[in-house]
Number of protein chains: 2
Amino acid sequence: MRMIQADCEVEYDGRGHTNLARGIRVILIKDDGTVIIHRTTGVKPVNYMGSVIDFTEYDDTDNNAHIIIARSKKETLTLICHSMIVDLRLPSVNDDSDFDQNGTERQQQEWLSRNFSETFGDDCSFIMREFNTGDGSCDLLGIDDNGNAVLIEVKRKAVKKDVYQVIRYGDAVRRAFTDRKHSILDQIPGDYSLSIFAHPRLILASEKINKGVEVECHSHGVEFIPTGSQWRNDSVPAEIARKNVNNASIIRETSESSDKQSLFNDDDDE
Amino acid sequence: MRMIQADCEVEYDGRGHTNLARGIRVILIKDDGTVIIHRTTGVKPVNYMGSVIDFTEYDDTDNNAHIIIARSKKETLTLICHSMIVDLRLPSVNDDSDFDQNGTERQQQEWLSRNFSETFGDDCSFIMREFNTGDGSCDLLGIDDNGNAVLIEVKRKAVKKDVYQVIRYGDAVRRAFTDRKHSILDQIPGDYSLSIFAHPRLILASEKINKGVEVECHSHGVEFIPTGSQWRNDSVPAEIARKNVNNASIIRETSESSDKQSLFNDDDDE
DNA sequence: TCATCCATGTCGGAT
DNA sequence: ATCCGACGTGGATGA
């Protein structure tokens with residue numbers, strides 16, 4: 001890992017083409033070749049490149065510049081460094097530690113599969129998750145008492161576009177029905193007829209919902225069903241923070257009103 | 001800007017919840033409060049947080065740990081640092097330099113507006129860009145010789161989902177027609193009747209196309225039109241690299257076969 | 001390799 | 001503030 005702060009220009013060429021005019025940025029070069037360039041604000045890097053195949057590093061004495069070129073199979077990232085303010089090479093370490101993640105749509109989907117009839121109605125029973133419609137996979141597949149398939153798309157926050165995702169799944173299974181494409185049944189546990197896809201029920205299920213989504217649902221024959229947030233509580237891990245904060249002495253603390261700037265740079269030496 | 005390398009645990013709580021077990025990572029804390037935590041590989045940070053309102057920093061002497069807590073309105077990021085290997089506070093700089101980007105859909109859209117009939121046919125003339133359908137804005141609006149609106153969605157790479165984006169725009173303008181919603185015409189230069197939206201032509205235009213998209217188009221009455229890549233050539237900026245690489249002396253150079261690892265850390269002192 | 005979909009998506013623009 | 005769609009989206013997963 002290499003940590004650089006440099007006064008530099010950056011050019012990227014590949015899927016697109018970008019030019020970043022001269023200025024001071026922070027550059028990370030990881031041991032796997034990944035290059036990440038950050039400006040002074042924002043979460044996302046202004047430039048970056050992964051899958052680097054080779055590096056070339058020049059000293060352009062004529063222009064008094066240090067040049068770093070990273071190449072991947074189809075891309076090139078060029079840094080013209082007019083001055084290297086910091087250039088720190090850190091020992092390589094490998095980090096195979098666990099990263100646990102909660103509150104994902106996957107967990108929401110799993111929770112709903114275990115709370116199916118409670119959420120979607122007693123006339124409706126769960127069949128499977130990740131049902132392949134032939135045109136993308138639907139989060140949940142169920143069947144109602146009329147023998148119609150129930151296609152459910154799960155979102156943490158539903159937007160209008162999602163309504164069309166469900167419509168698309170409906171189109172796909174109806175086409176499987178009219179085309180007598182029996183292979184779509186192979187993935188389904190149990191013994192079902194293709195006719196369950198003649199008139200599928202379409203459901204969009206979500207925790208939060210954007211304005212206008214219910215109207216969009218209604219005008220396209222899609223049911224909207226709120227899921228609540230209960231699913232989040234089922235798998236919250238122990239918080240590491242609480243057990244450490246006790247007995248700790250505060251070194252520095254800021255609030256919204258204070259000058260944030262002064263905290264992170266060396267302009268304010270205490 | 002603060003650049004840290006630390007042996008740390010990380011917990012995030014907010015929209016989701018994550019726990020990262022102990023290990024060595026690089027942490028950037030920007031002057032705007034943004035925190036970015038990188039592992040040893042990959043482009044994306046393992047943890048991050050923007051819109052930070054306040055920081056709290058502890059020394060937990062009991063556990064011999066340094067604790068940094070960043071809070072935004074609805075989120076908390078906690079770092080338990082068991083050792084601070086590097087903790088560099090860099091002077092704040094402001095960087096208002098230009099960042100030019102090319103090869104965007106926006107440019108493709110603009111190019112198509114200037115090459116409209118060549119691309120979409122002589123029976124078809126351009127009206128405007130970014131036409132608000134009432135349910136999302138369509139990239140290009142034109143009109144054909146039959147007096148029907150032509151709704152065009154532009155993509156660099158078309159996928160099946162995009163077909164439904166166009167369908168949705170078609171739904172919206174037809175609804176405007178049946179509902180006699182004349183206000184949709186306000187944004188259109190020139191004098192048109194609502195009836196142009198009775199039977200809109202729907203077009204998906206793209207440079208690249210995924211398998212199955214044309215079939216999806218055909219089965220939903222959407223036309224697919226390839227745009228080519230000509231639009232990319234209209235706005236390629238001068239390459240800054242070429243003019244600098246001449247007369248430069250190579251310091252170090254790697255190729256695919258060499259040991260990349262050795263380039264970026266200090267295991268190989270030359 | 002290609003296609004699909006989620007993401008603590010982030011970000012910018014419009015309403 | 002919310003809504004909306006692009007992104008050099010990245011990354012994982014399944015065919």
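In what follows, chains carry the letters A, B, and so on, assigned in the order in which the sequence lines appear, proteins first and then strands, with residues in each chain numbered from 1. Please read all numbers here as calculations on a predicted model, not as lab measurements.
B:Tyr169 has a side-chain polar atom (N or O) that falls below the 4.0 Å cut-off from OP1 or OP2 of D:dG5. The phosphate of D:dG8 has neither OP1 nor OP2 within less than 4.0 Å of any side-chain N or O from A:Asn47.
As rounded to the nearest Å, D:dG5 and C:dA7 have C1' atoms that lie 16 Å from one another. Atom C1' of C:dC5 sits at a distance of 16 Å from the matching atom of D:dC7, rounded to the whole Å.
Atom-to-atom, CD1 of A:Ile209 to C1' of D:dT2 comes out at 14 Å; the value is rounded to the nearest Å. Per the geometry, NZ belonging to B:Lys74 stands 10 Å off C1' belonging to D:dA1, to the nearest Å. For the pair B:Asp135 CG and D:dT2 P, the computed distance is 20 Å after rounding to whole Å. Distance CG (A:Asp139) to P (D:dG14): 14 Å, rounded to an integer number of Å. Note: CD1 (A:Ile152) to P (C:dC5) measures 17 Å, nearest angstrom. Atom CD of A:Glu105 and atom P of C:dA7 are 5 Å apart (whole Å). Rounded to a whole Å, the CZ atom of B:Arg129 is 13 Å from the P atom of D:dA6. Rounded to whole Å, the distance from CG on B:Asp100 to P on D:dC7 is 15 Å.
Between A:Phe197 and A:Phe177, a ring centre-to-centre spacing not shorter than 6.0 Å is recorded. The ring of A:Tyr164 has its center no closer than 6.0 angstrom to the ring center of B:Tyr164. B:Phe224 and B:His218 have their aromatic ring centers separated by at least 6.0 angstrom.
With distances taken from any side-chain atom of B:Thr18 to the nucleotides D:dG8, C:dT8, D:dC7, the minimum falls on C:dT8. Minimum atom distance to the side chain of B:Arg168 is reached by D:dC4, of the listed D:dA6, D:dC7, D:dC4.
In this structure, A:Gln109 contributes its side chain and A:Glu105 its backbone to no donor-acceptor pair below 3.5 Å.
Between B:His17 and B:Glu11, the side chains place a donor N or O and an acceptor N or O closer than 3.5 Å (distance only, hydrogens not considered). For the residue pair B:Asn132 / B:Gln187, no side-chain donor-acceptor distance below 3.5 Å is found, with atom types taken as modelled. Between the side chains of B:Ser229 and B:Glu207, at least one donor-acceptor pair of N or O atoms lies under 3.5 Å.
If you find the closest nucleotide of DNA chain D to A:Tyr12 and to A:Gly212, the one lying nearer the 5' end belongs to A:Gly212. Between B:Thr104 and A:Val213, it is A:Val213 whose nearest contact on DNA chain D lies nearer the 5' terminus.
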Can you give one letter per nucleotide of nucleotides 10-15 of chain C, going 5' to 3': B for a protein heavy atom under 4.0 Å from the base, S for sugar-phosphate only, - for none? SS----
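Within the nucleic acid shown, B:Met49 has no heavy atom closer than 4.0 Å to any nucleic acid atom. Using a 4.0 Å heavy-atom criterion, one finds that A:Gly14 contacts no nucleic acid atom at all. Note on B:Glu153: only backbone sugar-phosphate atoms sit closer than 4.0 angstrom, heavy atoms only; bases stay farther off.
For the salt bridge (charged side-chain N to carboxylate O under 4.0 Å, His left out) criterion with A:Arg39, the lone passing option out of B:Asp98, B:Asp31, B:Asp32, B:Asp95 is B:Asp95.
Using a 4.0 Å cut-off between charged side-chain N and carboxylate O, B:Glu110 and B:Arg106 make no salt bridge. Residues B:Lys73 and B:Glu75 are not paired through a salt bridge, judged by the lack of any N-O separation under 4.0 Å between the basic side chain and the carboxylate.
For DNA chain C, the neighbouring residues in residues 154-167 of chain A, judged by any heavy atom under 4.0 Å, are A:Lys155, A:Arg156, A:Gln165.
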